[in-house]
Amino acid sequence: MATTEAEVERVRELVASIPRGAVVTYGDIAAAAGLSTPRTVGWIMRTDSADLPWHRVIGASGRPAAHLASKQLARLAEEGVRIHDGRVDLRSARHDLMHSDAVPPDR
DNA sequence: CGAATGACCGTTC
DNA sequence: GGAACGGCCATTC
């Protein structure tokens, strides 16, 4: 399989390292984890999201998946994330993965 | 192996 | 800001 445990671990670390009141986009995670496409991130979330704060992971549209949207927004709002009429305020809630402790493989 | 599916992204109209 | 199209990648049947 292409996706190795290391890649999955990388994504998990990043997601788990997201501070309370902050969110990240799939594309950012994929880039920070060294993955090729955000699709892989979505796959990981779907398969192994039990131990991860998946509610802090949203799409680039500032809006999570339809099935989770309601819960995500409610939980994020509880953490102090700025919600803009059902949309997450990426402008200030977007967490900088590259500036976090979790450092990508090649950097 | 080929086709279909999916927690996506970027560009364009 | 929103809808439509294409692309990219991994999984499953």
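Reminder, nothing fancy here: chain letters follow the sequence lines and each chain counts from 1.
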Find the distance [X]:[atom1] to [N]:[atom2] and express it as a whole number of Å.
{"X": "L52(A)", "N": "dA7(B)", "atom1": "CG", "atom2": "P", "result": "17 Å"}
{"X": "H84(A)", "N": "dG1(C)", "atom1": "NE2", "atom2": "C1'", "result": "13 Å"}
{"X": "M45(A)", "N": "dC9(B)", "atom1": "CE", "atom2": "P", "result": "12 Å"}
{"X": "Y26(A)", "N": "dG6(B)", "atom1": "OH", "atom2": "P", "result": "14 Å"}
{"X": "W43(A)", "N": "dT12(C)", "atom1": "CH2", "atom2": "C1'", "result": "12 Å"}
{"X": "E7(A)", "N": "dT11(C)", "atom1": "CD", "atom2": "C1'", "result": "17 Å"}
{"X": "R63(A)", "N": "dA7(B)", "atom1": "CZ", "atom2": "C1'", "result": "13 Å"}
{"X": "R94(A)", "N": "dC9(B)", "atom1": "CZ", "atom2": "C1'", "result": "12 Å"}

Check whether any side-chain N or O of T25(A) sits under 3.5 Å from a backbone N or O of D28(A) as a donor-acceptor pair, and report yes or no.
yes
So which of V88(A), D89(A), I58(A) actually passes side-chain contact (heavy atoms from CB on, under 4.5 Å) with V81(A)?
V88(A)
Could you tell me the separation between the CD1 atom of I44(A) and the CD atom of E7(A), rounded to the nearest 0.5 Å?
8.0 Å
Pairwise side-chain contact, R56(A) with R75(A), heavy-atom cut-off 4.5 Å (strictly under)
no
Is any side-chain heavy atom of L68(A) closer than 4.5 Å to one of W54(A)?
yes
Candidate nucleotides [options], ranked by approach to the side chain of [X] - the nearest:
{"X": "T37(A)", "options": "dA10(C), dA7(B), dC8(C)", "answer": "dC8(C)"}
{"X": "R87(A)", "options": "dA7(B), dG2(C), dC9(C)", "answer": "dG2(C)"}
{"X": "H67(A)", "options": "dC9(C), dT11(C), dA7(B)", "answer": "dA7(B)"}

Between dC9(C) and R46(A), is there an OP1 or OP2 to side-chain N/O distance shorter than 4.0 Å?
no
Should T47(A) be listed as having a side-chain N or O under 4.0 Å from OP1 or OP2 of dT11(C)?
no
Sugar-phosphate, base or nothing in reach of S49(A), heavy atoms under 4.0 Å
base
